[in-house]
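Inspection log for the structure reproduced underneath, given as structure tokens.
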Amino acid sequence: MCGIAGFVTGNSIDLAATIRAMTGVIQHRGPDDEGSWTDTENGIALGHRRLAILDLSPGGHQPMQSVSGRYVLIYNGEIYNHGALRTALEEAGAAPEWRGHSDTEVMLAGFDHWGVEATLQRLNGMFAFALWDKADRSLILARDRMGEKPLYYGVHDGTLLFGSELKALVEHPAFRPRIDRQALAAFMRLGYVPAPASIWQGIRKLPAAHWMTIARNDITQMVARPYWDIAEVARAGVASPRQNGPELANELEALLADAVGLRMEADVPLGAFLSGGIDSSLVAGLMQSRSATPVRTFSIGFHDPAFNEAHHAKAVATHLGTQHTEFYVGMDEARDLLPALPHIWDEPFADSSQIPTFLVSRLASQHVTVALSGDGGDELFGGYNRHVTGAGIWNRVQAMPGGLRQLAAQALSHKTVGSVAEKVSAMIPGQRIAGLAARLPKVGAVVGAASPMDFYTRLISQWQEEPVVLGADSRIVLSEPPAFDDFRNTMMFLDMTTYMVDDILVKVDRAGMASSLEGRVPLLDHRLVEFAWQVPIEAKIRDGRGKMILREILDRYVPRDLIDRPKSGFAIPIGQWLAGPLRPWVEDLIDPRRMREEGYLDPVIVADIWRRFLSGEVQLDTRLWCILMFQAWLREQPMANVKAAA
């Protein structure tokens, strides 16, 4: 796990000093070592910050040149099957005289022997890399299959810029700060900036499972192409499902165990995040079953019992016999972290679970350098409520006459309905009506949907109506998924290729890297992803519950009564905090005068949202958090707040 940055330019600048400045701002991604390589004739500079995980010796130093002398590589990530690839190269008589045991030199030997694309197809890992080909005078950029590692790129002022984080690109003198209003509008809808866009005009995210070759003589020609097609993997898997039965769970367990085992290889201490839910408990159980000593596990708790799950995690840890560490988050810890959020996430990011994710990463980093997580289980095995109940709701919605549907949508979305439901739910604690108020506005939104894709888009949108971003189209457009017969597969596919990549994995990467901690995600092993799409839907979702096959496997490690409870997510009491101790911070960020000067958000709409939020209208905390995270990010930019007129 590391950080990379670089550029290709025809401008006359100090290559070495510039690349040091770019990598200097991402030192947190790699505090153990730094390196750079420049080629004045071609105007190229490659920079690297290293977090040493495998081969802690100088033999793992980057940038690294291939034995043939053709390639120079900077790379962020881990190749879990590097040992098998090393053996394959040796058996083919293509192995060089190894300098160490790092995965970096295995990749380079593979590029020399198999070629770049063929090597990409052999890699099992998480990675983003930049590879300079001296023979062809071209730059190659690539990203792992599931998008675990980030890679930004773009041309500003005749210079090709690329790197792990946007802050590295901003350091280059050619960078021109112009906010992409359409990306901002999408952020307000989703809480994250969806790929391939970034918040900056002219800078893009390389899509997962893609690579591109950029010729030195024309750096503006940048066409990303896939080396692995997730849409085809999903389509083929659903079209030819495996037979449901006991053997299916056995096969999946074996594959899970292998994926976990590969990710336990490290020359540094490792552990696991443990929330007490299905996915993290399964990963921790598989880790402990392969370890002769107690595995380190880490969890975060809250003093508010409505949000606290730490006691569940502790019970699982006790049963598994892990060495467990927990930390309870209070208002003070959250408030102290607020100023750092824009810097950590680098572009507007408004998943409020970013706070506990960072805090548990910081906690883990005090004891280990690598931590495994259970991310990916919901997207692959039907773990979200929309997967379990969404298709049934849509079937009922589309059966309603159009006029009745619109009337129902208006009624359910009206703020007084939500307020009444909130009061009723407070009077009947512990009953099924609890939380109804929070769901009613979303139900009202989806009742008015015109198509399945419209239904899904409304489900994932933070809001439907307010065009809060000035001068931008507030609609979001998602790429078409494969034509599945079952709408549940459609939702899982879209979640896997959008929300998981641009929210969940971004959250985990930035939180971990800000603490110099490497996060590994065994459930996103591409072999497991391919297998998951062959698992029939009835093995995933059944009897009103999701992730059934994972539950069956987990039963072999943890008693069901420790796990069997409603899904709650990694939520924090953000609404209470915003209306209480954080109120001065909020009102400073949404000062109408300053917002008018900045010219990005409509201060009238923002003021109305804040007023309604304070009056108790439900489901406004997520919208407000989007506004606040953009405003906080904007205030942190070093370009005089990037005035709207720029």
Side-chain angles (χ1 to χ4, degrees), residues 1-2 4 6 37 46 48 53-55 59-151 153 162 164 206-215 222-230 232-233 258-259 262-263 265 520 524-530:
M1 185 74 74
C2 305
I4 65 173
W37 178 88
L46 304 177
H48 187 261
I53 304 294
L54 289 173
D55 193 350
H61 178 80
Q62 296 182 46
M64 185 181 292
Q65 298 193 49
S66 64
V67 170
S68 69
R70 176 174 179 173
Y71 297 112
V72 184
L73 174 66
I74 51 173
Y75 134 74
N76 164 32
E78 300 290 345
I79 306 303
Y80 304 119
N81 65 334
H82 69 97
L85 294 176
R86 183 181 292 254
T87 299
L89 287 164
E90 291 170 348
E91 290 175 349
E97 184 175 337
W98 302 111
R99 290 165 282 189
H101 64 274
S102 76
D103 50 359
T104 311
E105 63 174 328
V106 173
M107 291 172 68
L108 283 165
F111 297 150
D112 272 337
H113 179 63
W114 293 309
V116 176
E117 184 171 18
T119 300
L120 280 168
Q121 293 167 349
R122 286 173 165 84
L123 299 180
N124 181 345
M126 56 177 184
F127 56 84
F129 69 72
L131 181 72
W132 176 248
D133 185 339
K134 295 180 182 179
D136 291 345
R137 297 179 70 242
S138 62
L139 181 75
I140 298 165
L141 302 178
R143 193 175 179 199
D144 64 70
R145 287 175 174 86
M146 300 307 295
E148 293 181 61
K149 294 294 101 192
L151 186 56
Y153 71 96
F162 54 90
S164 299
L206 185 66
H210 280 65
W211 70 302
M212 63 168 58
T213 301
I214 306 165
M222 301 178 291
V223 179
R225 53 193 186 277
Y227 60 87
W228 185 74
D229 189 342
I230 183 57
E232 177 55 27
V233 165
D258 187 62
L262 283 175
R263 285 155 182 80
E265 181 183 350
R520 296 180 176 180
L524 295 186
D525 186 304
H526 73 275
R527 301 168 303 159
L528 203 152
V529 172
E530 292 168 350

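Computed over heavy atoms, backbone and side chain alike; hydrogens, waters and symmetry mates excluded.
Remark: the backbone N or O of E78 is paired with a side-chain donor or acceptor of Y75 at under 3.5 angstrom. A donor-acceptor pair under 3.5 Å is absent between the side-chain atoms of N81 and the main chain of A84, judged by distance alone.
Here the options are D103, N76, D144, the test is side chain to side chain contact (heavy atoms under 4.5 Å, CB included), and the partner is F127; only D144 passes.
Atom NE2 of H61 is separated from atom CD of E105 by 13.5 Å, given to the nearest 0.5 angstrom. To the nearest 0.5 Å, atoms CG (L206) and CG (L151) are separated by 5.5 Å. Rounding to the nearest 0.5 angstrom, the gap separating the CG atom in D258 from the CG atom in L262 is 4.5 Å. Put simply, CG on L141 and OG1 on T213 are 8.5 Å apart, with the number rounded to the nearest 0.5 Å. Expressed to the nearest 0.5 Å, how far CD of E117 lies from CZ of R122 amounts to 11.5 Å. One distance of note links OH of Y71 with CG of L131; it measures 6.5 Å at 0.5 Å rounding.
Using a 4.0 Å cut-off between charged side-chain N and carboxylate O, D525 and R263 make a salt bridge.
G110 and L89 get closest at one heavy-atom pair: N-CD1, 4.0 Å. The shortest heavy-atom contact between S164 and P150 is O-CG, 3.3 Å. Considering every non-hydrogen atom in both S102 and M64, the closest pair reads OG-CE, 3.9 Å. Contact between A130 and F162 at its shortest, heavy atoms only, is CB-CE1, 3.5 Å. Contact between W37 and Q65 at its shortest, heavy atoms only, is NE1-NE2, 3.6 Å. Nearest heavy-atom pair across C2 and H48 is CB-NE2, 3.3 Å.
Here the side chains of L108 and V67 are not in contact, with every heavy-atom distance at 4.5 Å or above. Contact annotation: the side chain of T104 approaches that of L73 to within less than 4.5 Å [non-hydrogen atoms, C-beta and beyond]. Here the side chains of V223 and R225 are not in contact, with every heavy-atom distance at 4.5 Å or above. Side-chain contact between L120 and V116 is present, with at least one heavy-atom pair separated by less than 4.5 Å. Under the 4.5 Å side-chain criterion, counting only non-hydrogen atoms from C-beta, M126 is not in contact with M146.
Screening residues 59-74 for salt bridge (Lys or Arg N to Asp or Glu O under 4.0 Å) gives R70-D133, R70-D136 as the qualifying pairs, with residues at least two apart or on separate chains.
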As a quick check of understanding, evaluate side chain to side chain contact (heavy atoms under 4.5 Å, CB included) for Y80 and E265, giving each step before the final call.
CA-CA 8 Å; Y80 304 119; E265 181 183 350; over 6 Å; no

R145 vs I230, side chain to side chain contact (heavy atoms under 4.5 Å, CB included): CA-CA, chis, key distance, verdict
CA-CA 8 Å; R145 287 175 174 86; I230 183 57; over 6 Å; no

CA sep, side-chain torsions, deciding dist, call: E90, W98, side-chain hydrogen bond (donor to acceptor under 3.5 Å, both in side chains)
CA-CA 10 Å; E90 291 170 348; W98 302 111; 3.0 Å; yes

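Less than 6.0 angstrom separates the ring centroid of F129 from the ring centroid of F111.
With 3.5 Å as the limit, one finds a donor-acceptor pair spanning the side chains of W228 and E530.
R143 pairs by the salt bridge (charged side-chain N to carboxylate O under 4.0 Å, His left out) definition with nothing, not counting sequence neighbours.
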